[in-house]
Amino acid sequence: MKKNIILISALLTLSLANHRCSEDFLDVKGTEFLSTQDLDVLNNNEGAESFITSIYAKFLDWNISSFAWNGISSITTDDADKGSSPGDAGSDKDLLDALTFNATTPSFEDVWKGNYQVINRANQAFFYLPQLTNADAALRDRLIGEAKFLRAFAYFTLVRSFGGVPIVDHVPVAGNEADRVMTLTRKSKEEVYAFIEKDLNDAIAALPNKSSYTGNNIGRASKGAAYALLAKVSLYQKKWQQAVDNANLVTGYSLTPDFGEIYKISGENNAESIFEIQGRGGLNQPGIQQYSQTQGARGAGGWGWGFNTPSQNLVDAYNAEGDTERRNATIIFRNSTLYDGRVVPNTVENPYYNYKAYSSSFTGDDDSDANIRYLRFAEVLLIKAEAMNELGQTSAAIPFLNQVRNRAGLANTTAISQSDVRIAIWKERRLELAFEHDRWFDLVRTGQAASAMAANGKTFIVGKHEVFPIPQSFITEAQGLSSQNNY
């Protein structure tokens with residue numbers, strides 16, 4: 001799939017994927033779009049694959065992987081500042097940075113809608129794929145497994161961000177009251193996690209190992225990706241033994257010797273990579289919409305909008321650990337030279353920018369070739385270390401932590417006690433995974449948010465900010481079927 005144009009057929013573009021015409025907030029219009037004649041056209045392997053390609057394609061969109069998501073998963077945290085020019089609010093990025101957002105803050109609606117559009121496309125695939133009897137049966141099984149993984153991935157973003165959300169497990173039928181209630185009724189956080197776990201277990205049974213994918217299929221969801229995401233889901237629920245068990249089943253991966261190599265084009269989908277959102281740069285070649293551009297250096301000699309800039313707090317955290325290797329691969333410094341020879345002059349507006357979002361070949365383009373690394377083997381090692389430590393297996397957990405530290409050129413941890421190792425692992429997650437969309441959620445799940453935000457000059461309100469507000473548009477449409485979070 002990498003380096004393949006991620007576009008669905010014109011037929012599917014018109015009938016399934018044009019969600020902007022939807023009046024329903026969750027974008028779950030019914031199944032009446034495809035006629036029997038349409039299905040005849042799609043009743044082959046290529047037609048079956050197009051349903052799943054449309055799901056992957058959604059992850060390239062502005063409202064799911066770009067400006068809004070960077071805002072709520074990164075700018076909110078102690079790792080990042082709004083950046084850009086002081087007078088450019090970026091729609092609402094100043095509110096996210098200051099933690100003064102509310103239910104009408106646009107970024108929340110963008111991310112909510114984007115992920116439900118993924119869910120809708122997955123549900124369309126579950127409805128139509130069994131009808132494509134001329135397509136290879138084994139291929140259809142694999143494609144359904146991919147759709148299960150991608151739907152679980154979207155729900156994991158939603159439950160981490162908002163807590164309990166509606167579980168839409170099929171394409172609703174227009175005018176069906178039960179389906180209307182389904183789309184507008186929030187389920188509990190526990191129910192959503194159970195739904196995610198079922199999707200991932202179904203995906204595991206259907207998906208091949210990463211090594212089975214070649215050519216244009218590189219980058220598709222694999223069995224290892226499903227196990228890794230399931231381990232992460234278990235970690236978030238404090239199901240420590242399940243986290244260890246699932247992490248142990250993530251096999252066939254290894255750490256990239258040079259940390260900085262991971263984020264270059266040459267490091268995409270490498271031996272450490274478990275799952276990435278695939279971008280492709282150039283004219284009419286879809287990348288993640290303005291993901292690189294919005295985070296690029298701003299000002300004279302720059303190439304982007306300058307948002308989501310590394311904070312001084314993060315720079316200090318790297319320096320305190322003596323972690324120059326990961327610091328220099330994560331942060332672009334003003335008045336420095338990048339790996340490709342590009343000079344970042346002292347005339348750009350901000351002192352730091354996000355190196356992990358940098359595209360060398362398509363630096364300022366709307367669609368660049370930068371991938372988003374979402375699941376890496378380093379994180380699996382840290383999941384295993386954290387879960388084992390919580391199970392009281394501290395001495396056995398430390399070597400997994402040290403593997404990640406040593407790759408970064410750091411000595412073995414000096415932590416020995418369970419409490420000290422816990423803190424060391426949390427610190428390691430920050431330095432290893434900065435700008436990979438986990439910091440906010442890590443702070444919340446580990447109870448560090450209030451103190452970490454205070455150290456960065458932000459006020460995290462305990463009992464409120466653990467989840468973001470549900471978009472007010474959805475609450476209004478729900479007409480009492482769902483209630484707002486504590487906002």
| task | For this output row, return yes or no: ring centroids of Phe108 and Trp112 closer than 6.0 angstrom. | result |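 Not under 6.0 Å, so no.
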
Problem - Side-chain ion pair, Glu466 and Arg160, N-O less than 4.0 Å - result: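 A salt bridge is absent here (no side-chain N lies under 4.0 Å from a carboxylate O).
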
task = Could you tell me whether Glu272 and Arg407 make a salt bridge, using a distance below 4.0 angstrom between a side-chain N and a carboxylate O?
result = yes

At their closest point, which heavy atom of Gln278 faces which heavy atom of Gly219, and how far apart are they?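 Answer, listing the atom of Gln278 first, then Gly219: NE2-CA, 3.7 Å.
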
Regarding [X] and [Y], is there a side-chain donor-to-acceptor distance under 3.5 Å anywhere?
{"X": "Ser84", "Y": "Arg298", "value": "yes"}
{"X": "Lys58", "Y": "Asn63", "value": "yes"}
{"X": "Asn313", "Y": "Asp79", "value": "no"}

Cation-pi check, Lys210 onto Tyr253 ring (under 6.0 Å, within 45° of axis):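 The answer is no; the distance or angle limit is not met.
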
For the residue pair [X] and [Y], does the interplanar ring angle fall in the parallel (under 30°), tilted (30 to 60°) or perpendicular (over 60°) class?
{"X": "Phe468", "Y": "Trp440", "result": "parallel"}
{"X": "Phe307", "Y": "Trp305", "result": "perpendicular"}
{"X": "Phe441", "Y": "Trp69", "result": "parallel"}
{"X": "Phe275", "Y": "Tyr56", "result": "tilted"}

Atom CD of Gln131: over 12 foreign heavy atoms under 6.0 Å: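 Yes, enclosed.
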
Using residues 198-208 as the side-chain source, report each donor-acceptor pair under 3.5 Å to any protein atom, sequence neighbours left out, with the distance given to one decimal.
from: Lys198; atom 1: NZ; to: Asp202; atom 2: OD2; distance (Å): 3.0
from: Asp199; atom 1: OD1; to: Arg151; atom 2: NH2; distance (Å): 2.9
from: Asp199; atom 1: OD2; to: Arg151; atom 2: NE; distance (Å): 2.7
from: Asp199; atom 1: OD2; to: Arg151; atom 2: NH2; distance (Å): 3.3
from: Asn201; atom 1: ND2; to: Glu197; atom 2: O; distance (Å): 3.1
from: Asp202; atom 1: OD2; to: Lys148; atom 2: NZ; distance (Å): 3.1

